[in-house]
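Since the structure comes first, as structure tokens, the remarks are kept for the end.
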Amino acid sequence: MRVLVTGAAGFLGSHLCDRLLAQGYRVVGMDNFLTGNSANLAHLRSHPDFQLVLHDVTNFIELEGPLDAVLHFASPASPVDYLEHPIPTLKVGSLGTHKALGLAKAKGARFLLASTSEVYGDPLVHPQPESYWGNVNPVGPRGVYDEAKRFAEALTMAYHRYHGLDTRIVRIFNTYGPRMRPNDGRVVSNFIVQALHGEPLTVYGDGSQTRSFCYVDDLVTGIVLLFERGDADPTNLGNPHEFTVRELAALVLKLTGSRSEIVERPLPVDDPRVRQPDIGRVRETLGWEPKVGLEEGLRRTIDYFRRLTAA
Ligand code: NAD
Ligand code: UDP
């Protein structure tokens with residue numbers, strides 16, 4: 001099977017390319033390098049089954065030859081990135097998803113949308129099942145990401161219902177691991193980089209807000225399973241183990257052996273108070289659940305950032 005991964009030079013896209021190639025797929029990676037990093041794909045440069053195309057997916061996508069699937073991962077994902085690129089974020093979620101769906105339709109290909117737990121906004125239901133419609137502020141700063149993804153979901157369902165396209169929607173919860181950019185602003189990379197440099201760990205607010213962190217290998221396993229054997233209804237993927245941000249900071253200090261202090265910084269506007277996936281649906285339908293605990297996943301991620309810092 002030949003598949004297209006948009007956002008291939010990003011954190012998740014590059015891991016997904018690796019996994020698909022390892023499972024025998026031929027992969028076309030597409031990216032405009034807005035938040036991606038060519039180093040994430042450097043090891044694939046001479047891979048016979050991998051092809052990299054430089055393209056902004058908000059523009060018409062031309063791709064020669066047969067294509068069996070489109071996995072649409074292009075979009076800034078870190079709050080720092082999408083607040084810095086609000087309009088490209090809205091465009092890639094709307095126009096980019098439209099172009100990617102149009103390509104899938106023209107090729108008779110399956111389509112998978114990388115959606116997000118942000119569609120639940122600052123949730124009033126906890127943990128979040130797929131049936132929850134969410135609590136999103138459409139005009140707040142995070143609305144550029146949340147509403148783009150909500151629109152992308154609606155468009156995907158419309159192509160499924162109206163054009164009969166074979167689609168998947170995966171709602172990804174906070175995922176971490178090697179290949180996150182050291183300065184991409186997300187909490188796990190921030191804390192590890194700060195700890196390794198002996199700088200203060202910046203806890204936003206009082207750190208009592210919660211997130212549930214999934215190691216990238218677990219997530220990619222879930223994505224491929226959902227892609228191959230799932231259905232069109234939105235599906236949560238994430239690690240249901242919930243931590244406060246302060247607990248995460250303490251764990252990073254312990255695992256790095258760093259003596260950095262913890263400082264408080266202002267809480268970003270509309271920062272969700274809590275977040276935890278209800279993964280009952282994917283457990284039942286596909287038997288998936290994460291295997292790597294936070295301590296083990298952080299150790300692997302710390303190793304990566306140590307090597308990056310040393311290089
Ligand atoms: P990332 O920023 O590392 O990767 C995104 C990639 O998309 C980058 O390589 C970027 O250059 C590319 N891109 C952006 N706009 C583009 C455009 N117009 N045309 C072509 N390429 C474009 O982010 P990530 O963490 O790898 O996230 C990937 C996807 O997964 C995103 O769609 C994101 O919304 C979703 N997601 C990620 C998480 C997470 O925890 N990492 C959680 C929820 C959802
Ligand atoms: N956060 C923090 N310090 C940082 C970066 C983030 O305390 O240096 C907090 C942020 O306010 C949020 C949580 O960590 O409550 C997760 O933030 P992240 O940007 O990783 O992703 P989000 O889940 O908000 O999309």
Side-chain angles (χ1 to χ4, degrees), residues 5-16 29-38 40-41 53-59 61 71-83 85 88-97 99-100 112-119 122 142 145-146 148-149 152 170-177 179-181 184-194 199-214 216 219-220 223 236-238 243-246 248-249 252 262-275 277:
V5 176
T6 74
F11 163 51
L12 294 184
S14 63
H15 283 283
L16 183 60
M30 186 170 282
D31 208 291
N32 69 348
F33 294 99
L34 178 67
T35 57
N37 181 357
S38 58
N40 290 342
L41 296 174
V53 179
L54 177 63
H55 183 68
D56 177 341
V57 298
T58 63
N59 299 315
I61 307 171
L71 297 104
H72 183 41
F73 279 70
S75 171
S78 156
V80 168
D81 285 339
Y82 60 73
L83 297 177
H85 304 288
T89 300
L90 280 160
K91 284 175 73 178
V92 74
S94 54
L95 304 177
T97 303
K99 299 295 177 284
L112 180 142
L113 172 69
S115 185
T116 169
S117 53
E118 281 277 328
V119 300
D122 189 6
R142 293 175 91 100
Y145 181 66
D146 303 6
K149 289 290 185 181
V170 48
R171 291 185 179 152
I172 302 168
F173 284 65
N174 296 64
T175 301
Y176 68 99
R179 299 190 192 156
M180 297 182 87
R181 286 188 352 265
D184 94 350
R186 284 181 273 199
V187 68
V188 173
S189 43
N190 269 10
F191 284 180
I192 292 177
V193 170
Q194 290 163 344
E199 292 163 4
L201 270 59
T202 51
V203 164
Y204 299 163
D206 64 5
S208 62
Q209 70 271 33
T210 68
R211 294 294 185 274
S212 309
F213 301 99
C214 187
V216 62
L219 183 88
V220 169
I223 286 170
N236 288 340
L237 285 184
F243 295 85
T244 68
V245 164
R246 263 199 187 265
L248 176 71
V252 169
I262 293 177
V263 295
E264 289 188 8
R265 293 283 175 265
L267 191 67
V269 177
D270 294 337
D271 197 275
R273 284 292 316 150
V274 291
R275 181 179 291 157

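Counting starts at 1 for both ligands and their atoms, following the listed order. Residues take their numbers from the sequence shown, with the count starting at 1. Values in this document were obtained by computation on a predicted structure and should not be read as measured data.
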Inset, instruction - Check each of A8, G36, A148, S75 against atom 5 (C) of ligand 1 and report the one with the nearest heavy atom. - result: S75
Within ligand 2, which atoms have a heavy atom of [X] less than 4.0 Å away?
| X | answer |
| --- | --- |
| Q209 | 9 (C), 11 (O), 15 (O) |
| E118 | 25 (O) |
| N190 | 4 (C), 5 (C), 8 (O) |

Legend entry - Closest non-hydrogen atom pair between L54 and N32, with its separation: CD1-CA, 4.0 Å
Identify the protein heavy atom lying closest to [atom], giving its residue, its atom name and the separation to 0.1 Å.
| atom | result |
| --- | --- |
| atom 7 (O) of ligand 2 | Y204 N, 2.7 Å |
| atom 13 (C) of ligand 2 | V245 CG2, 3.8 Å |
| atom 18 (P) of ligand 2 | V187 N, 3.8 Å |
| atom 27 (O) of ligand 1 | A77 CB, 3.5 Å |
| atom 10 (C) of ligand 2 | D271 OD2, 3.3 Å |

Legend entry - Trace of the side-chain contact (heavy atoms from CB on, under 4.5 Å) decision for F243 with N174: CA-CA 12 Å; F243 295 85; N174 296 64; over 6 Å; no
Legend entry - Residues E118, R142: salt bridge by 4.0 Å N-O rule: yes
Inset, instruction - May I ask you to identify, for R275, whether its side chain, its backbone, both or neither come under 4.0 Å of ligand 2 on a heavy-atom basis? - result: side chain
Inset, instruction - Please work out whether any backbone atom (N, CA, C, O) or any side-chain heavy atom from C-beta onward of V80 is under 4.0 Å from ligand 2, and answer side chain, backbone, both or neither. - result: neither
Inset, instruction - Using distance alone, determine whether Q194 and ligand 2 share an N or O pair under 3.5 Å. - result: no
Legend entry - Numbered atoms and elements of ligand 1 in range of N174, under 4.0 angstrom, heavy atoms: 40 (O)
Heavy-atom distances under 4.0 Å decide this one: backbone, side chain, both or neither, for [X] against ligand 1?
| X | value |
| --- | --- |
| Y176 | neither |
| H72 | neither |
| S78 | neither |

Legend entry - Geometric N/O contact T175 with ligand 1, under 3.5 angstrom: yes
Legend entry - Contact check: S115 vs ligand 1, nitrogen or oxygen atoms, below 3.5 angstrom: no
